[in-house]
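Taking it in order: structure first as C-alpha cells, then the write-up.
This chain uses plain numbering: 1 for the first residue, then up along the sequence.
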Amino acid sequence: MTAPAASRVAAVPRVARSRRRFRIIEQAAVHVVDGLSHLEVHPDVPDGVRALRERGFRLVTMTNGSSDLSKRLLGRARLADCFESHLDASGPQRWKPAQAAYQYVVEQVGVRLDEAVLVAVHPWDVDGAQRAGLGGAWLRRDAADYPQVMLPPTYTVGNLRELAETLT
C-alpha cells in the first residue's frame, strides 16, 4: 500500500471516532437544553416579582439564551405577565456582559442607563451592567462573597423579596 493510501485508511477510524464524539456531544447538548425547559423559579421569585411590580417597578428580562425559554419559565410560575418585555441577545447581537447588550435593553424600554438596575445572581452580569452605566443588584442567594476584582454592586441582597424592600 502506498503512503497516501495508508494515511486514508488510517483516517477512517479517526473520522468514525469524530462522528461518534459529535453524536455524544449533540446528545448531551439536547439533554441540557431539555433540562432547562423544566426548571422552576427560586422560591422567593413569585413574591419578589409581585412586590417589585406592585411598587411600580417596570420589569424586563434579558438573557444570553432564548427569551422564549425565559417566558416559559416565568409562565409556569404565572409571572410572565409581570414583565413588559422578554429580550435576548439576538436583538443586540451581543452577549452580556457586552455594553451593547445592556444599551439595547434600555433603548427597548425607553429609559436612560442610569434609570435602570440589572438584577442578577451572576457577578459578571452585575459588573457588566454597571460598567455600561446601569445600577446593579446582586442576589447573593447562598454565594460566599462578591469578587473584589469587579465593581461592587449598587445593592446586595439575599433574594428578590429583600430587594423589593430595599428599593422602597
Side-chain angles (χ1 to χ4, degrees), residues 29-168:
V30 167
H31 176 74
V32 169
V33 170
D34 184 53
L36 291 174
S37 68
H38 300 291
L39 289 176
E40 299 297 327
V41 298
H42 283 268
D44 64 291
V45 171
D47 290 343
V49 164
R50 289 186 186 105
L52 288 164
R53 187 72 175 179
E54 288 166 4
R55 288 172 168 93
F57 291 98
R58 296 171 65 192
L59 305 177
V60 176
T61 64
M62 173 58 174
T63 179
N64 280 340
S66 164
S67 60
D68 288 338
L69 196 62
S70 296
K71 279 189 246 184
R72 285 195 304 271
L73 171 69
L74 293 166
R76 285 194 303 275
R78 302 180 200 268
L79 297 171
D81 291 343
C82 293
F83 293 82
E84 66 182 75
S85 292
H86 299 274
L87 306 172
D88 62 38
S90 68
Q93 298 186 340
R94 297 287 186 275
W95 285 358
K96 300 178 297 170
Q99 183 173 354
Y102 305 105
Q103 182 69 42
Y104 172 77
V105 174
V106 298
E107 288 172 358
Q108 293 301 301
V109 297
V111 299
R112 295 188 326 260
L113 288 166
D114 63 349
E115 295 175 317
V117 175
L118 174 107
V119 180
V121 297
H122 307 291
W124 62 263
D125 205 358
V126 174
D127 181 69
Q130 292 187 152
R131 290 180 189 280
L134 287 75
W138 179 49
L139 299 183
R140 71 176 180 273
R141 299 215 185 269
D142 295 325
D145 295 315
Y146 192 84
Q148 292 183 5
V149 297
M150 297 181 177
L151 293 175
T154 312
Y155 307 97
T156 298
V157 294
N159 59 58
L160 275 180
R161 287 186 299 258
E162 187 180 333
L163 179 64
E165 293 167 11
T166 299
L167 294 176
T168 54

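- Judged purely by atom type and a 3.5 angstrom limit, Glu115 uses its side chain to pair as donor or acceptor with the backbone of Arg112.
- Judged by distance alone, the side chain of Asp88 and the main-chain N or O of Ser66 form no donor-acceptor pair under 3.5 Å.
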His122/Asp127 under side-chain contact (heavy atoms from CB on, under 4.5 Å): CA gap, chis, key distance, verdict: CA-CA 9 Å; His122 307 291; Asp127 181 69; over 6 Å; no
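- Of the possible polar contacts, none joining the Gln103 side chain to the Gln99 backbone as a donor-acceptor pair under 3.5 Å is found.
- The backbone N or O of Thr63 sits nowhere less than 3.5 Å from a side-chain atom of Ser67 that would complete a donor-acceptor pair.
- Pairs passing the side chain to side chain donor-acceptor pair (under 3.5 Å) check and including a residue from residues 149-161, sequence neighbours excluded, read Gln130-Thr154.
- Taking CZ from Arg55 and CZ from Arg50, the interatomic distance works out to 13.5 Å, rounded to the nearest 0.5 Å.
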Worked verdict on Met150 versus Trp124 for side-chain contact (heavy atoms from CB on, under 4.5 Å): CA-CA 8 Å; Met150 297 181 177; Trp124 62 263; 4.1 Å; yes
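- Remark: Arg140 CZ is packed, more than 12 non-hydrogen atoms of other residues, nucleotides or ligands lying under 6.0 Å away.
- The closest donor-acceptor contact from the side chain of Arg58 to the backbone of Val109 lies under 3.5 Å.
- Other residues, nucleotides and ligands contribute at most 12 non-hydrogen atoms within 6.0 Å of the CH2 atom of Trp95.
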Verdict with supporting geometry, Leu163 and Trp138, side-chain contact (heavy atoms from CB on, under 4.5 Å): CA-CA 9 Å; Leu163 179 64; Trp138 179 49; over 6 Å; no
Derivation of the side-chain contact (heavy atoms from CB on, under 4.5 Å) call for His42 and Val45: CA-CA 6 Å; His42 283 268; Val45 171; 3.9 Å; yes
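- Here the CD atom belonging to Glu54 is positioned 11.0 Å from the OG1 atom belonging to Thr168, to the nearest 0.5 angstrom.
- Once rounded to the nearest 0.5 Å, the distance linking CG of Asp81 with CG of Leu59 reads 12.0 Å.
- Salt bridge absent: Asp68 and Arg72 never bring a charged side-chain N and a carboxylate O closer than 4.0 Å.
- Using a 4.5 Å heavy-atom cutoff, the side chains of Leu160 and Asp47 are not in contact.
- For the pair Thr61 and Leu87, the minimum side-chain heavy-atom distance is 4.5 Å or more.
- Listed here is the closest heavy atom pair of Pro152 and Tyr146: CA-CE2, 4.1 Å.
- Ring geometry for His86 versus Phe83: interplanar angle of 30 to 60°, hence tilted.
- Residues Arg141 and Asp44 are paired through a salt bridge, judged by an N-O separation under 4.0 Å between the basic side chain and the carboxylate.
- The two atoms that bring Val149 and Arg131 nearest to each other are O-NH2, 4.1 Å, heavy atoms only.
- A distance of 15.0 Å separates NZ in Lys71 from CG in Leu79, rounded to the nearest 0.5 Å.
- Between Leu134 and Val117 the shortest side-chain heavy-atom distance does not fall below 4.5 Å.
- The CG atom of Leu113 lies 8.5 Å from the CD atom of Glu107; values are rounded to the nearest 0.5 Å.
- Residues Asp125 and Tyr102 bring a donor and an acceptor atom of their side chains to less than 3.5 Å of each other.
- Surrounding CG of Asp114 are more than 12 heavy atoms belonging to other residues, nucleotides or ligands, all under 6.0 Å away.
- Counting all heavy atoms, side chain and backbone alike, Gly128 lies closest to Pro97 at CA-CB, 3.9 Å.
- A donor-acceptor pair is defined here as one N or O able to donate and one able to accept, closer than 3.5 Å; such a pair exists between the side chain of Lys96 and the backbone of Met62.
- Nearest heavy atoms, Val111 versus Ala116: CG2-CB, 4.3 Å.
- Among all heavy-atom pairs drawn from Pro92 and Ala100, the shortest one is CB-O, 3.8 Å.
- Across Gly136 and Val126, no two heavy atoms sit closer than the pair CA-CG1, 3.8 Å.
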